[in-house]
Amino acid sequence: MERSIFDELEGDAAPEVADAFMRLAVEYLAETRDASQRVTTRHSARELAARFAEPLPRGGQRMARIVERLRTDVIADNHRLSHPRYMGHQMSAPLPAAVWTESLIGALNQSLAVFEMSPVGTVLETQVIRWMCDLAGFGAEAGGTLTSGGTEATQTALLAARAASMPDAWADGVGTNPPVVVYGEHAHYAVSRTVGVMGLGVRNAVQVPSRTHRMDVRALHEILDSLQQQGRAVLAVVATAGSTATGSFDDLEAIGTLCESRGIWLHVDGAHGASALLSATHRHRVAGIARASSLAWDPHKAMLLPLAAGAVLVRDERVLERAFAQQAPYLFHPGGATERHWDQGPRSAQCSRRMDVLKLWVALQRYGADGLGALYDRQCALAGSMYDAVTSRPGLEALHEPESNILCFRWVGDGSANAGRLDAINHELRERYNASGHGWITATNLDGRRVLRVTIMNPRTTPTHCREVVDALVALGTTISAERGRAA
């Protein structure tokens, strides 16, 4: 008798099917330990698209066939973030315990908008947020919510700032003279994106110049004075803890003191660098973070969780609730005047969302805050090893000394090439190195120059791997320079 779709559902819940999928993940992690393997695909986007250009399946296939296609067609050509020479974007080589938790999150399929849809998940998120607030030095009135990442966290925080300074904005809008948001030159694009999304207009995003890749506090003081003289209201100042380009930390103590003296909301984008709170060695870099009104923090970055796991924390949770001042009688059930609302929906832009707190809770239970802090220290130490390797090689120039796990540097050769030629060589160097499969790095523009950039997010990486990447870049840069010289 022909099996029905309902029979297939029951069959797919069998242990041997789950084991086949789990084995794929285990095999992938095992393969990435082999540094002799390629870090990324050798195929172009067009070639990969051709692989999947097929009619919509009308009938199902055997699970064994699907598992095999996952192995050969999908996994084989992904970036190997757990490869020890992957030093690209701020994407983690995720913690095994958190990886295994993902299937349980999917099976439970709880939605953390309201307590009645996720009773244990809601309680767990509240507790984990409380731990994070304690680490940041926020008081008992603080709270927050998990987010999809730093961009949503920053948007949520600035909506809370709007609710605090413009309580009628939800109903009436921001008017014809909206407030401005002040942010640093090296802030993440999430800030200007949020200003645009909120309808403030990106012309009302005021950029503060940097000094040594950090917000210039003196310039901030002057800009705030100028805005005050113009009669312009300031919605918030956004400082950065762990910038995307260089991993640098703004002086949160000085910026926080200045904002407090003027009654201005301070948001700290600590998506990358707030994890320094876990480290006894690097915690000083976020000194003053307790002065922030709000904080963005991405555990899926330096805490090495799988995507997605971001968070927004606020010193006064009530303001966050006012940021999303809606009523949904069939969902939200406020308690009495003195009772905290358990539902997370009124604190978030999201409604349906996964129980991602579970993987964060499991990671903290398994490795402990001190263990995660030790991993953060290791990432930073490896960036220091990379810096040593760069500065010891003729032909390379470090653009800064790393404060976290990010380093920018540049191939300069013998120093005879002009800036334009060096920009072209460094651009080609990154592209050809990544295509080689030996490793994977990123690039950015810093101080008007095209530079190479590494972000070390993998516990498997060692100082030896750092030297291997540097040696390969020196050799390839020399080859490219010679080729360009012959072609000239």
Side-chain angles (χ1 to χ4, degrees), residues 8-9 11-57 59-107 109 148-149 299-301 303-309 354 356 358-359 362-363 431 433-442 454-462 465 468-469:
E8 300 290 355
L9 293 179
D12 289 348
E16 57 269 23
V17 177
D19 183 65
F21 279 86
M22 187 66 73
R23 191 176 296 116
L24 287 176
V26 172
E27 289 173 359
Y28 164 79
L29 292 177
E31 289 170 359
T32 59
R33 293 190 184 99
D34 185 355
S36 68
Q37 298 297 313
R38 291 181 60 88
V39 178
T40 190
T41 181
R42 63 176 76 249
H43 298 294
S44 68
R46 186 181 297 275
E47 290 169 334
L48 292 174
R51 179 184 299 172
F52 299 100
E54 57 195 27
L56 171 70
Q61 300 183 38
R62 293 182 302 108
M63 187 62 80
R65 168 60 179 152
I66 296 168
V67 168
E68 185 56 29
R69 283 203 70 186
L70 286 170
R71 177 181 286 110
T72 59
D73 293 352
V74 177
I75 296 174
D77 287 297
N78 272 271
H79 286 327
R80 286 167 163 75
L81 303 184
S82 295
H83 190 291
R85 287 194 300 270
Y86 179 89
M87 302 179 186
H89 294 285
Q90 291 156 295
M91 303 291 294
S92 70
L95 301 169
V99 172
W100 311 141
T101 308
E102 287 280 0
S103 60
L104 183 58
I105 293 171
N109 201 34
S148 59
H300 65 221
K301 289 190 170 71
M303 288 176 71
L304 306 185
L305 289 193
L307 291 168
R354 287 158 42 94
D356 284 314
L358 190 60
K359 60 192 172 191
V362 166
E431 298 301 316
Y433 176 70
N434 287 355
S436 75
H438 179 268
W440 214 91
I441 65 173
T442 59
V454 296
T455 307
I456 300 178
M457 303 278 285
N458 188 352
R460 293 176 173 174
T461 302
T462 67
H465 297 122
E468 289 172 351
V469 170

Side chain proximity check, [X] to [Y], heavy atoms < 4.5 angstrom:
{"X": "Met63", "Y": "Phe21", "answer": "yes"}
{"X": "Met457", "Y": "Tyr86", "answer": "no"}
{"X": "His79", "Y": "Met91", "answer": "no"}
{"X": "Leu29", "Y": "Arg460", "answer": "yes"}

Look up atom [atom1] in [X] and atom [atom2] in [Y], then write down how far apart they are to the nearest 0.5 Å.
{"X": "Asp77", "Y": "Leu48", "atom1": "CG", "atom2": "CG", "answer": "5.5 Å"}
{"X": "Asn109", "Y": "Leu104", "atom1": "CG", "atom2": "CG", "answer": "11.5 Å"}
{"X": "Ile105", "Y": "Asp356", "atom1": "CD1", "atom2": "CG", "answer": "5.5 Å"}
{"X": "Ser436", "Y": "Arg42", "atom1": "OG", "atom2": "CZ", "answer": "10.0 Å"}
{"X": "Leu304", "Y": "Leu81", "atom1": "CG", "atom2": "CG", "answer": "11.0 Å"}

Where [X] and [Y] come nearest, the two heavy atoms and their spacing:
{"X": "Lys359", "Y": "Pro306", "result": "NZ-O, 3.2 Å"}
{"X": "Trp100", "Y": "Ala25", "result": "CZ3-CB, 3.8 Å"}
{"X": "Leu95", "Y": "Ala363", "result": "CD1-CB, 4.0 Å"}
{"X": "Met87", "Y": "Val469", "result": "CE-CG2, 3.8 Å"}
{"X": "Asp73", "Y": "Phe52", "result": "O-CZ, 3.3 Å"}
{"X": "Arg51", "Y": "Arg69", "result": "O-NH2, 3.7 Å"}

Ignoring hydrogens and geometry, is there a side-chain-to-backbone donor-acceptor pair from [X] to [Y] under 3.5 Å?
{"X": "His300", "Y": "Leu307", "answer": "no"}
{"X": "Arg85", "Y": "Ala35", "answer": "yes"}
{"X": "Thr455", "Y": "Gly88", "answer": "yes"}
{"X": "Arg80", "Y": "Ser82", "answer": "no"}

Under a 3.5 Å cutoff, is there a donor and acceptor pairing between the side chains of Thr32 and His83? no
Could you walk me through whether Glu31 and Gln37 pass side-chain contact (heavy atoms from CB on, under 4.5 Å), step by step? CA-CA 8 Å; Glu31 289 170 359; Gln37 298 297 313; 5.7 Å; no
Is the shortest side-chain N to carboxylate O distance from Arg65 to Glu68 below 4.0 Å?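 Glu68 and Arg65: not salt-bridged.
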